[in-house]
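Everything on this sheet refers to the single structure shown next.
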Amino acid sequence: MADRFCVRGCTVKGEHWAACPDYGREDGACRGCVQVEAREGVLLCERCYRALRRHLEDSADLVGHLRSIADPTKATPYDRIRVDSSRPDMPAPVAADLIDASDDIVRTMRAWALYVQFGEEHPWRAEGLEAGIDAASAWDDVNGCAEVILFDLDSLANNSHQIRALCEGVIDIHRGEPERWSIADAAARYSLDDQPRWANAPCPDCDLMAVRVQPGRNRRPTRYRCSTVGCGWEANALDDRGLWASVFDGGSVPTVQAHNPALLTLAAAARLVNRTVGTVRRWIDDGDLERNLGRVDEHDVLTVAARKRRSTE
């Protein structure tokens, strides 16, 4: 099957096609035009797919968090307008953004859950939160929607029209005041207090000791995210058959030299032999290459590439 690329237009920073007219320009007009290959079986790159999954998993906690801040039984919404009153029993004002954000997230989650269950022909229209609903009830509602969407996520992510629309409501960041809040918009403005810790092993992509371990919540797996600017690697405890749980959570950690130049990231290995990351990943899946902490040995990559070339001659 031909290689497929992320439908969100993600590109590899600093890598250009030979015909790129801006290659080498000092003003940085083109930061990279080589497209990022899509994850196996979907139309998103690995980074976009994992970000989408993370925000969907966090949606219930985020809505519960927003509702606990803006409890409609205890507060009056306002839109950056100062409210003064001498009444001691008058509820405290709260920013209307809190209510708008939670309502928009609920509409998005309900709409997609209905779509997954009944298809686009279903006549129901997704509504926002009911008046007076408490944080616990809001969490239950959104969590049920998230379970439905996550169960069918790979199918949605393999349809270009569906996944673009889903990403718009989940991971797209809008500048200024959003007309319709995405989950990522709300998470950036009202982040959850997760108390992460630093991992005791390097990031498999940038090789820096910059991975933050986020403990799992509500039966969700533990997450691992690199905080290095421009890296963005992330995974959870279930990815790659539980490899990252053993690496970052103190289990049986494979022995690897943090700065061994012979151990290459998949992107570096692909560049070395002029192949795509997907091709190198397939070599790993087929057993031609052994992966150690997300990296592959340079000599093994060259050997496999030479063998593949001979087999096609």
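All values derive from a computational prediction rather than experimental measurement.
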Exercise. Between Arg281 and Glu40, does a side-chain contact (heavy atoms from CB on, under 4.5 Å) hold up when you go through it step by step?
Worked result: CA-CA 9 Å; Arg281 189 177 289 116; Glu40 185 83 19; 5.6 Å; no

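At distances below 3.5 Å, not a single donor-acceptor pair connects side-chain atoms of Ser155 with backbone N or O atoms of Asp152. Remark: side-chain polar atoms of Thr222 are not paired, donor with acceptor, to backbone N or O of Ala237 under 3.5 angstrom. Asp285 contributes no side-chain N or O that, together with a main-chain N or O of Arg282, makes up a donor-acceptor pair within less than 3.5 Å.
Between Arg223 and Glu57 there is a side-chain heavy-atom pair separated by less than 4.5 Å. With a 4.5 Å cut-off on side-chain heavy atoms, Cys231 and Cys203 count as touching. Using a 4.5 Å heavy-atom threshold, the side chains of Leu52 and Val170 count as touching. Between Trp198 and Val213 there is no side-chain heavy-atom pair separated by less than 4.5 Å. Counting only heavy atoms from C-beta outward, the side chains of Val42 and Arg39 approach each other to under 4.5 Å. The closest side-chain heavy-atom distance from Pro204 to Trp233 is below 4.5 Å. At a threshold of 4.5 Å between non-hydrogen side-chain atoms, the residues Val7 and Leu44 count as touching.
Placement of Val142 and Leu150 within a single hydrophobic cluster is found when ILVMFWY residues are connected by side-chain heavy-atom separations under 4.5 Å, directly or transitively. Hydrophobic clustering (side-chain heavy atoms under 4.5 Å, transitive across Ile, Leu, Val, Met, Phe, Trp, Tyr) groups Leu302 together with Ile284.
Cys206 and Thr228 make their closest contact through SG-OG1, 3.5 Å (heavy atoms, listed as atom of the first residue, atom of the second, distance). The heavy-atom pair separating Val296 from Glu290 by the smallest distance is CG1-O, 3.8 Å. Shown here for Thr108 and Gly169, the closest heavy-atom pair between the two residues is CG2-O, 3.9 Å. Nearest heavy-atom pair, Ser59 versus Ile183, reported as atom, atom and distance to 0.1 Å: CB-CD1, 3.8 Å. Heavy-atom minimum distance, Trp244 versus Ala235: CD1-CB, 3.7 Å. Closest heavy-atom contact between Val36 and Thr11: CG2-C, 3.5 Å.
Partners of Ala186 according to the side-chain contact (heavy atoms from CB on, under 4.5 Å) rule, which considers only residues two or more places apart in sequence or in another chain, are Leu62, Leu66, Ala101, Ile105, Trp181. Evaluation of the salt bridge (charged side-chain N to carboxylate O under 4.0 Å, His left out) rule for Arg275 yields no partner, not counting sequence neighbours. The ring pair (Phe, Tyr, Trp, His ring centres under 6.0 Å) search around Tyr49 returns none, not counting sequence neighbours. Remark: Asp288 engages Arg307, Lys308 in a side chain to side chain donor-acceptor pair (under 3.5 Å) (not counting sequence neighbours). Listed by chain and number, the residues in a salt bridge (charged side-chain N to carboxylate O under 4.0 Å, His left out) with Asp172 are Arg8 (sequence neighbours excluded). Listed by chain and number, the residues in a side-chain contact (heavy atoms from CB on, under 4.5 Å) with His161 are Asn159 (sequence neighbours excluded). Here Asn158 pairs with Arg4 under the side chain to side chain donor-acceptor pair (under 3.5 Å) rule; sequence neighbours left out. When the side chain to side chain donor-acceptor pair (under 3.5 Å) test is applied to Arg225, no partner is found at least two apart in sequence or on another chain. Legend: residues meeting side chain to side chain donor-acceptor pair (under 3.5 Å) with Gln162, ordered by chain and number and at least two apart, are Tyr115. For Asp239, the salt bridge (charged side-chain N to carboxylate O under 4.0 Å, His left out) criterion is met by Arg50, Arg53, not counting sequence neighbours. For Arg47, there are no salt bridge (charged side-chain N to carboxylate O under 4.0 Å, His left out) partners two or more places apart in sequence or in a different chain.
Interatomic distance, Leu156 CG to Leu43 CG, rounded to the nearest 0.5 Å: 11.5 Å. Atoms CE and OG, from Met209 and Ser227 in turn, are 11.0 Å apart once rounded to the nearest 0.5 Å. The CG atom of Leu153 lies 10.5 Å from the CH2 atom of Trp112; values are rounded to the nearest 0.5 Å. To the nearest 0.5 Å, atoms OH (Tyr224) and CG (Leu243) are separated by 9.5 Å. Interatomic distance, CZ of Phe248 versus CZ of Arg197, reported as 10.0 Å (0.5 Å rounding). The CZ atom of Arg107 lies 13.5 Å from the SG atom of Cys145; values are rounded to the nearest 0.5 Å.
Among residues at least two apart or in separate chains, there is no salt bridge (charged side-chain N to carboxylate O under 4.0 Å, His left out) pair with a member in residues 153-170.
A side chain to side chain contact (heavy atoms under 4.5 Å, CB included) with Met109 holds for exactly one of Val63, Leu56, Asp141; it is Leu56.
Asp61 and Trp139 share a side-chain donor-acceptor pair at under 3.5 Å. Under the 3.5 Å distance criterion, with hydrogens and angles disregarded, a donor-acceptor pair is assigned to the side chains of Ser182 and Asp185.
For Asn274, the CG atom is loosely surrounded, since the number of other residues' heavy atoms within 6.0 Å does not exceed 12.
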